[in-house]
*Asks:* 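Can you read through this structure? Questions will come right after.
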2 protein chains.
Amino acid sequence: MPTTLQDVAREAGVSAATASRALTGGTVSPSTRDAVRAVAERLGYRPNRAARGLITGRAGALGLVVPDLTNPFFADVAKGVAARARAADLPVFVTDTDEEAGLEVEAVASLRRGTDGLLLCSPRASDAALLDVADRATTVLLHRRVDGLPSVVADLADGTRQAVEHLRALGHRRIVYVPGRPSSWAGAQRDLGLAAATADGGVEVVRCPAVAPTFAGGVQAADLVLADGATAVLAYNDLVAVGLLTRAAARGVRVPDDLSVVGHDDTVATMGHPALTTVAVPQRRAGATAVDLLLRLVAAARASAAEPPCDTELTLPTHLVVRASTAEPARRRRP
Amino acid sequence: MPTTLQDVAREAGVSAATASRALTGGTVSPSTRDAVRAVAERLGYRPNRAARGLITGRAGALGLVVPDLTNPFFADVAKGVAARARAADLPVFVTDTDEEAGLEVEAVASLRRGTDGLLLCSPRASDAALLDVADRATTVLLHRRVDGLPSVVADLADGTRQAVEHLRALGHRRIVYVPGRPSSWAGAQRDLGLAAATADGGVEVVRCPAVAPTFAGGVQAADLVLADGATAVLAYNDLVAVGLLTRAAARGVRVPDDLSVVGHDDTVATMGHPALTTVAVPQRRAGATAVDLLLRLVAAARASAAEPPCDTELTLPTHLVVRASTAEPARRRRP
DNA sequence: TTGAAAGCGCTAACAT
DNA sequence: ATGTTAGCGCTTTCAA
């Protein structure tokens with residue numbers, strides 16, 4: 001049986017209320033405060049969050065929903081969230097939804113009651129479902145934006161634009177883009193970037209069929225890309241890009257001499273050979289930032305402030321990291 | 001304000017007690033049971049876990065402590081845990097301890113109260129600290145064994161033995177082993193495997209200084225390994241092995257021709273070039289198995305059975321996966 | 001089969 | 001500055 005506040009109070013010779021005040025920073029004389037704290041320490045007292053939550057109305061916990069923990073992108077996000085939440089002394093429930101829209105919604109429903117707020121990486125759920133969720137719980141969207149909902153995203157469109165312009169500057173004129181699963185917010189941002197970068201001509205971007213955003217997806221896409229004859233390829237993420245690299249090497253295609261490859265996210269970019277030029281996204285910082293925003297929203301909701309306390313749609317910058325997988329097209333054929 | 005049991009009871013025209021029984025499977029007439037359930041469904045009722053926990057004494061949640069979520073090994077473990085816990089309708093608190101022993105202990109202390117049981121991947125904490133923890137909370141150790149505590153591990157010693165014998169069979173006589181951080185359980189298991197495989201001679205294993213179990217650690221270790229002149233290297237894990245591969249390639253050392261490389265864990269083994277021969281460890285299954293065991297222990301603890309309900313020290317098999325990073329030594333020099 | 005009442009551990013009025 | 005009291009939402013005796 002764990003130590004309760006009663007135990008501490010009895011041992012310290014005060015009432016439970018006083019013990020509570022001493023521990024949580026209420027109005028108590030310094031001497032009793034120290035005495036109670038000493039006893040609590042000695043007894044290894046840990047407050048029962050459930051009981052506290054029952055009365056304060058706050059659960060003292062956060063919830064995080066991600067599509068796939070084994071995707072290094074989301075692992076990084078989770079790490080950023082966990083670090084910041086720990087700093088705020090809030091435990092976090094983590095749910096992995098296996099990239100299924102149904103599970104995303106289900107996870108939110110089951111987490112809502114036990115948490116003060118939810119952090120959602122929900123690439124699959126519909127906007128409507130998200131709006132509905134946000135209506136019932138304090139929510140911050142991560143790496144997705146829905147009008148009117150608090151969110152923290154990275155400027156993916158600009159990252160893609162930077163990537164295309166890098167390739168164009170190198171002299172590439174035809175680029176294959178390998179998309180991830182269709183109709184995701186992140187995919188739409190990439191499209192925006194593509195459109196922006198190709199608007200004034202000089203470079204053509206063709207889309208290959210979408211593949212899973214995994215290493216295997218990249219392997220699968222490689223043959224399609226090579227069949228096209230383009231001199232450069234832009235992958236949905238680093239996992240796909242490394243898959244591309246692997247299959248290209250197996251087929252005797254040299255990177256970057258025969259083909260330039262650009263990844264996205266800067267997760268496993270240095271693991272393949274050659275090291276990938278990629279769009280760096282501050283996942284971990286996004287996770288931490290999202291926790292900060294969520295905490296502010298939770299506080300505002302408690303104070304029943306009608307208006308959100310600050311800007312609630314945050315965009316973090318992205319930047320291209322140039323490594324060894326991109327070069328001028330057909331470099332080797334030059335004198 | 002979320003729907004409470006009171007709301008459901010009132011709407012269904014029964015008492016809260018009856019509503020509770022109807023929902024949790026107590027003794028009620030089929031008709032009222034269905035009626036109450038229909039109302040609950042219609043109102044979107046979700047029980048308040050905190051309130052329930054207060055009275056039942058069970059929190060209705062599990063806790064998981066891992067050293068690093070961005071290490072694919074632990075990401076896989078977490079995924080296995082999350083999947084099984086979801087099947088049991090139990091949310092799980094996930095804590096990332098940044099590979100710090102102090103945080104591991106701290107995390108356990110703060111999670112203990114809010115959970116029914118803890119899953120611990122704690123490579124850094126001392127045995128004594130773990131024993132102390134297990135004294136106060138239902139606990140299952142993951143990928144670590146401490147005498148007398150429930151645990152789920154993989155047979156790492158046997159995996160290492162298989163790796164060494166593979167290299168010996170290929171003709172290697174001198175192998176460098178790159179350890180991870182010293183004095184971990186996993187490290188000790190590797191040593192056992194090394195000892196077993198070298199007992200009857202024919203092959204010599206030399207240790208290089210320990211490095212961080214990361215890609216960067218592998219890059220760092222590479223030069224030490226190459227200076228040794230051994231024909232094969234056994235890395236602490238795949239991350240280290242891929243780092244080794246990358247640095248070896250940069251220095252013009254060809255794998256497997258000049259150097260054979262064996263990884264461990266089968267996490268990022270196919271991402272580098274060439275694909276790694278590695279020891280496959282069933283991380284995900286271990287996570288799921290650990291949840292099963294923990295649930296059984298929790299149930300037993302509640303029934304105040306003095307004896308554990310089953311075997312509580314589980315070992316999962318490992319096996320070597322041979323890919324392209326190992327070959328006979330100095331193959332190229334042969335006719 | 002159902003309802004009334006008690007109480008889990010804690011905090012927030014209110015009283016002192 | 002401190003104690004007393006009430007009650008958060010739920011389950012579980014105990015009666016009916």
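Since this is a predicted model, take the numbers as computed values, not measurements. Proteins come first, then strands; the chains are lettered A, B, ... in the order of their sequence lines, and each starts at number 1.
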*Asks:* With a 4.0 Å limit, can you tell me whether S20(A) has a side-chain N or O closer than that to the phosphate oxygens OP1/OP2 of dT11(C)?
*Replies:*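 Checking S20(A) against dT11(C): at least one side-chain N or O falls below 4.0 Å of OP1 or OP2.
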
*Asks:* Once you round it to whole Å, what is the distance between C1' of dC10(C) and CG of L23(A)?
*Replies:*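 To the nearest whole Å, that distance equals 11 Å.
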
*Asks:* Once you round it to whole Å, what is the distance between C1' of dC8(D) and CG of D7(B)?
*Replies:*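 Taking CG of D7(B) and C1' of dC8(D), I get 14 Å after rounding.
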
*Asks:* For I55(B) and for Q6(A), locate the closest nucleotide of DNA chain C by heavy-atom distance; then report the residue assigned to the nucleotide nearer the 5' terminus.
*Replies:*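 In this pair, the answer is I55(B).
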
*Asks:* Consider the side chain of V28(A), meaning its heavy atoms from C-beta on, and name the nucleotide among dG9(D), dC10(C), dT2(D) that approaches it most closely.
*Replies:*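 Output: dT2(D).
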
*Asks:* Hey, which sits more toward the 5' end of DNA chain D by its nearest nucleotide, L5(B) or S31(A)?
*Replies:*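 Here S31(A) is the residue nearer the 5' end.
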
*Asks:* To the nearest angstrom, how far is R21(A) atom CZ from dG3(D) atom C1'?
*Replies:*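 Going from CZ in R21(A) over to C1' in dG3(D) covers 7 Å.
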
*Asks:* Measure CG/N48(B) against C1'/dG7(C) and give the value in whole Å, please.
*Replies:*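 Atom-to-atom, N48(B) to dG7(C), this comes out as 16 Å.
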
*Asks:* From CG of L54(B) over to C1' of dT12(D), roughly how many Å is that when rounded to an integer?
*Replies:*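 After rounding, the reported distance stands at 13 Å.
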
*Asks:* Would you mind classifying the nucleic acid contact of T4(A) as base, sugar-phosphate or nothing, using non-hydrogen atoms under 4.0 angstrom?
*Replies:* sugar-phosphate

*Asks:* Check each of D7(A), L23(A), V36(A) against Y45(A) using the side chain to side chain contact (heavy atoms under 4.5 Å, CB included) test, and report the only one that passes.
*Replies:* L23(A)

*Asks:* Check the pair H143(A) / F73(A) against ring pair (Phe, Tyr, Trp, His ring centres under 6.0 Å), numbers first and verdict last.
*Replies:* CA-CA 11 Å; H143(A) 293 297; F73(A) 182 88; 4.8 Å; yes

*Asks:* With DNA chain C as reference, determine whether T18(B) or R113(B) sits nearer its 5' end, using the nearest nucleotide of each.
*Replies:* T18(B)

*Asks:* Taking the minimum atom-to-atom distance to the side chain of A51(B), which one of dC10(D), dT11(C), dA5(C) wins?
*Replies:*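 Comparing dC10(D), dT11(C), dA5(C) against the side chain of A51(B), the answer is dC10(D).
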
*Asks:* What nucleic acid atoms does S29(B) come within less than 4.0 Å of, heavy atoms only: base, sugar-phosphate, or nothing?
*Replies:* sugar-phosphate

*Asks:* Rounded to whole angstroms, how far apart are CZ on R46(B) and P on dG9(D)?
*Replies:* 18 Å

*Asks:* Please report the closest heavy-atom contact between A154(B) and V281(B), naming both atoms and the distance.
*Replies:* CB-CG1, 3.6 Å

*Asks:* What's the CZ-P distance between R49(A) and dG9(C), to the nearest Å?
*Replies:*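 Result: 17 Å.
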
*Asks:* Specify the separation, in whole Å, of atom CZ of R58(B) and atom C1' of dT12(D).
*Replies:*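 The answer, rounded to whole Å, is 15 Å.
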
*Asks:* Go through T70(A) and D96(A) one step at a time and tell me if the side-chain contact (heavy atoms from CB on, under 4.5 Å) criterion holds.
*Replies:* CA-CA 9 Å; T70(A) 62; D96(A) 178 309; 5.8 Å; no

*Asks:* Establish, with yes or no, whether the OP1 or OP2 oxygen of dT2(D) is under 4.0 angstrom from a side-chain nitrogen or oxygen of T32(A).
*Replies:* yes

*Asks:* With a 4.0 Å cutoff (strictly under), does any side-chain N or O of Y45(B) reach OP1 or OP2 of dG9(D)?
*Replies:*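 Result: no.
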
*Asks:* Could you tell me whether the side chain of R296(B) reaches within less than 4.5 Å of the side chain of T312(B), counting heavy atoms only?
*Replies:* no

